[in-house]
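Single-structure report; data block below.
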Amino acid sequence: MARRSQSNTLENNMNNTTKGMPGSNNNGSKEKTENKQTLNGLFEKALREAYSCEKQLIDVLAEMAKNAYSEELQDAFKEHKEQTQRHLERIEKIYDRLHIASDQEETNKVIETLFEIGKKVITEYEKSPLRDSSLIIVAQKVEHVEIALYGSLCELADVLGYHKVIDILERTLEEEKMTDERLTDIAREVNDEAFEMAEELQEY
């Protein structure tokens with residue numbers, strides 16, 4: 001793509017902006033506000049949202065794995081938990097490469113709401129295929145938000161000429177898509193089991 005052949009000027013500009021210049025502390029808050037109103041600012045905000053999401057997701061996936069009925073779904077959650085840890089490490093690598101401060105977090109309200117729904121599913125449904133169906137629905141909603149988030153990050157990185165991080169983001173994006181596809185495959189079997197159990201209960 002043409003944009004990928006651009007020079008590293010924009011990337012270097014971001015590094016200089018993030019590091020700041022000597023004697024610029026008095027205008028720190030003003031620069032921070034201005035930076036949020038640029039593509040650089042949007043990129044940083046989305047990256048911090050992704051980091052916050054992945055960080056929380058590690059604990060959520062552990063809880064889902066523990067409370068899933070299907071062994072296949074348990075394994076899927078456990079494996080994605082390990083994958084999520086790698087996603088976190090990749091974002092930290094991007095922070096380092098682009099000199100982005102890592103001590104600031106940007107929460108994503110949609111993701112946080114989905115996490116709360118997942119917890120509610122565990123308390124409302126007994127351990128069964130029906131609970132698994134509900135957990136998969138929540139998990140896939142999370143994946144879809146992450147896919148949208150990483151897709152946007154890839155596009156912004158491309159436009160801004162952040163050549164050092166595009167491949168990292170695209171690798172994570174593909175893994176999120178593969179996880180979503182895996183959950184869809186598991187859902188087919190789980191939903192059939194839930195339907196059969198419901199049919200059996202009606203017979204009694």
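All heavy atoms count here, side chains included; hydrogens, waters and symmetry mates do not. Computed from a predicted model, the values in this text were never measured in an experiment.
Checked by atom type and distance alone, the side chain of Arg97 pairs as donor or acceptor with a backbone atom of Lys164 at under 3.5 Å. Proximity of a side-chain donor or acceptor of Asn191 to a complementary backbone N or O of Ala187 within less than 3.5 Å is detected. A donor-acceptor pair under 3.5 Å is absent between the side-chain atoms of Arg90 and the main chain of Ile168, judged by distance alone.
With contacts defined as side-chain heavy-atom distances shorter than 4.5 Å, the pair Arg131/Tyr69 does not qualify. The shortest distance between side-chain heavy atoms of Glu143 and His80 falls below 4.5 Å. Under the 4.5 Å side-chain criterion, counting only non-hydrogen atoms from C-beta, Phe77 is not in contact with Thr179. Contact check for Lys177 versus Glu174: side-chain heavy atoms found under the 4.5 Å cut-off. A heavy-atom distance below 4.5 Å is found between the side chains of Gln85 and Ile58.
Every side chain to side chain contact (heavy atoms under 4.5 Å, CB included) that Lys119 has, sequence neighbours left out, goes to Glu116. Scanning for side chain to side chain contact (heavy atoms under 4.5 Å, CB included) contacts around Ser70 gives Glu72, Leu73, Asp132, Val190, with sequence neighbours left out. Qualifying side-chain hydrogen bond (donor to acceptor under 3.5 Å, both in side chains) partners for Glu79, counting only residues two or more places apart in sequence or in other chains: Arg182. Partners of Arg48 by side-chain hydrogen bond (donor to acceptor under 3.5 Å, both in side chains), not counting sequence neighbours, listed by chain and number: Glu44. The side chain to side chain contact (heavy atoms under 4.5 Å, CB included) search around Thr184 returns Gln140, Arg188, not counting sequence neighbours.
For the side-chain contact (heavy atoms from CB on, under 4.5 Å) test with Tyr162, the passing option among Asn40, Ile94, Leu156 is Asn40; the others fail.
Atom CD of Glu126 has 12 or fewer neighbouring heavy atoms from other residues, nucleotides or ligands inside a 6.0 Å radius. Surrounding NZ of Lys120 are at most 12 heavy atoms belonging to other residues, nucleotides or ligands under 6.0 Å away.
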**Report entry** Working for side-chain contact (heavy atoms from CB on, under 4.5 Å), residues Leu98 and Phe43
**Finding:** CA-CA 11 Å; Leu98 297 181; Phe43 180 85; 3.7 Å; yes
Requested in this report: Starting from the C-alpha separation in whole Å, work towards a yes-or-no answer on salt bridge (charged side-chain N to carboxylate O under 4.0 Å, His left out) for Lys66 and Glu63.
Outcome: CA-CA 5 Å; Lys66 185 172 68 175; Glu63 196 68 18; 3.7 Å; yes
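Neither side chain, Glu49 nor Thr107, offers a donor N or O lying under 3.5 Å from an acceptor on the other. Side-chain atoms of Tyr125 and Asn67 include no donor-acceptor pair closer than 3.5 Å.
Between Leu130 atom CG and Leu135 atom CG the span is 10.0 Å, to the nearest 0.5 Å. Rounding to the nearest 0.5 angstrom, the gap separating the CD1 atom in Ile111 from the CD atom in Glu146 is 5.5 Å.
Between Glu175 and Arg171 there is no salt bridge, since none of the side-chain N atoms of the basic residue sits less than 4.0 Å from a carboxylate O of the acidic one.
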Per-pair distances, 0.1 Å, donor-acceptor, side chain in residues 50-57, under 3.5 Å, sequence neighbours excluded:
| from | atom 1 | to | atom 2 | distance (Å) |
| --- | --- | --- | --- | --- |
| Tyr51 | OH | Glu92 | OE2 | 2.8 |
| Ser52 | OG | Gln56 | NE2 | 3.2 |
| Glu54 | OE2 | His87 | ND1 | 3.2 |
| Glu54 | OE2 | Tyr150 | OH | 2.7 |
| Lys55 | NZ | Glu105 | OE2 | 3.1 |
| Gln56 | NE2 | Ser52 | O | 3.4 |

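Between Ile147 and Leu173 the shortest heavy-atom distance is O-CD1, 3.5 Å.
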